[in-house]
Amino acid sequence: MKPLARIAAVIAAAILAAWLVTGCANGPSVVVATTATIATVQTLDAGIAAFASWDLLEERNIADKAVALCKGGKAPDYMPCVNAYVSPKRAPIDKAKSAIHVYRAALAAGSAVSTADVDAAAQAVVSALAALGIKVTP
Amino acid sequence: MTIGAIISLIIPLLTAVLPIIQQAIQNSTASQAEALSALRVALAQALSAVDASLAELDKARADADATIAAGQPPA
């Protein structure tokens with residue numbers, strides 16, 4: 001190859017490299033991240049729905065046990081007794097609900113929020129549900 | 001060789017490469033637009049599903065509180 005042709009080839013290669021490094025190389029990563037986020041939210045929807053179904057029975061169970069435990073006492077002692085039983089049982093449920101509210105806010109922001117933010121909020125929900133024994137693998 | 005000769009070698013190369021770059025950028029932009037559109041749809045569907053689940057959770061809590069209130073002994 002002649003020296004000048006080599007120079008020209010190097011310049012063209014530099015232009016291609018600059019293009020790859022800057023704008024266009026970003027494209028596939030955006031698509032991959034977006035596709036992963038879609039898979040995450042769809043899987044998490046199913047996990048949250050499973051949590052809601054489980055919670056329906058769990059809340060009923062907690063309430064029934066609290067009533068059975070506390071109804072034999074005097075009226076003024078009833079609510080403190082119930083709260084002492086119910087509060088620790090509800091704490092992990094409320095933590096999961098808080099995480100779901102944060103996740104919901106990320107979803108509500110739509111495409112204005114980054115996929116990384118949605119993924120982070122989703123991960124917090126996954127962790128909170130895992131603490132309740134509900135396994136979600138996005 | 002003169003600068004003119006160098007340029008005369010570079011220009012045909014750029015002429016050949018630029019349309020390829022332009023096409024790749026267009027393809028990439030279209031892929032990103034499609035992906036973001038799919039994301040918007042998925043987020044909207046997920047939002048609706050989460051709202052339904054949150055409503056179920058609130059109802060479960062309200063029912064539980066009602067059960068607890070009903071169990072309270074008379075004063």
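Only heavy atoms go into these numbers, but all of them, side chains included; no hydrogens, no water, no symmetry mates. Throughout, a chain's letter reflects where its sequence line sits, starting with A, and its residues are numbered from 1.
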Inset, instruction - Might you point out which heavy atoms bring B:A64 and A:A63 nearest each other, and give the distance in Å? - result: O-CB, 3.5 Å
Legend entry - Min side-chain heavy-atom separation B:Q45-A:I38 under 4.5 Å: no
Inset, instruction - Go through A:V41, A:V118, A:T115 and name the one with the most non-hydrogen pairs under 4.5 angstrom from chain B. - result: A:V41
Inset, instruction - May I ask whether A:V102 and A:V136 are part of the same hydrophobic cluster, defined by side-chain heavy atoms of I, L, V, M, F, W, Y residues being less than 4.5 angstrom apart, directly or through others? - result: no
Inset, instruction - Provide the closest heavy-atom pair for B:P73 versus A:G73 in the form atom of the first, atom of the second, distance. - result: CG-O, 3.8 Å
Inset, instruction - Identify whether A:I48 and A:L56 are in the same connected component of the hydrophobic contact network (ILVMFWY, side-chain heavy atoms under 4.5 Å). - result: no
Legend entry - Polar side-chain atom of A:Y78 near backbone of B:I68 as donor-acceptor pair, under 3.5 Å: yes
Inset, instruction - Indicate if B:L36 and B:V41 have the same hydrophobic cluster label, given that clusters are the connected sets of ILVMFWY residues with side-chain heavy-atom separations under 4.5 angstrom. - result: no
Legend entry - Atom of B:G71, atom of A:V67 and distance for their closest heavy-atom approach: CA-CG1, 3.8 Å
Legend entry - Electrostatic pair B:D65:A:R90 at N-O distance under 4.0 angstrom: yes
Inset, instruction - Identify which part of B:A49 has an atom lying under 4.5 Å from any heavy atom of chain A, answering side chain, backbone, both or neither. - result: side chain
Inset, instruction - Side chain from CB out, backbone as N, CA, C, O: work out which of these in A:I93 comes under 4.5 Å of a heavy atom of chain B, or both, or neither. - result: side chain
Legend entry - Closest approach of A:A52 to B:S53 (non-hydrogen atoms, all atoms of both residues): CB-O, 3.9 Å
Legend entry - Heavy-atom pair with the smallest gap, counting every atom of A:D45 and B:A46: OD2-CA, 3.2 Å
Inset, instruction - Tell me, out of B:L47, B:V50, B:T29, who's got the most heavy-atom pairs with chain A below 4.5 Å. - result: B:L47
Inset, instruction - Apply the test salt bridge (Lys or Arg N to Asp or Glu O under 4.0 Å) to residues A:D94 and B:R61: give CA-CA distance (whole Å), side-chain angles for both, the deciding distance (0.1 Å), then the verdict. - result: CA-CA 10 Å; A:D94 290 340; B:R61 178 60 57 87; 2.9 Å; yes
Legend entry - Pairwise side-chain contact, A:I100 with B:L57, heavy-atom cut-off 4.5 Å (strictly under): yes
Legend entry - chain B contacts, top residue of A:R60, A:K97, A:E58 (heavy-atom pairs, under 4.5 Å): A:K97
Inset, instruction - Output the distance between atom CD (B:E56) and atom CG (A:D55), rounded to the nearest 0.5 Å. - result: 9.5 Å
Inset, instruction - Among the options B:L54, B:I11, B:D58, pick out the one with the most heavy-atom pairs lying under 4.5 Å from chain A. - result: B:L54
Legend entry - B:D51 with A:R104: basic N within carboxylate O range, under 4.0 Å: yes
Inset, instruction - Answer with side chain, backbone, both or neither: which region of B:P12 has an atom nearer than 4.5 Å to a non-hydrogen atom of chain A? - result: neither
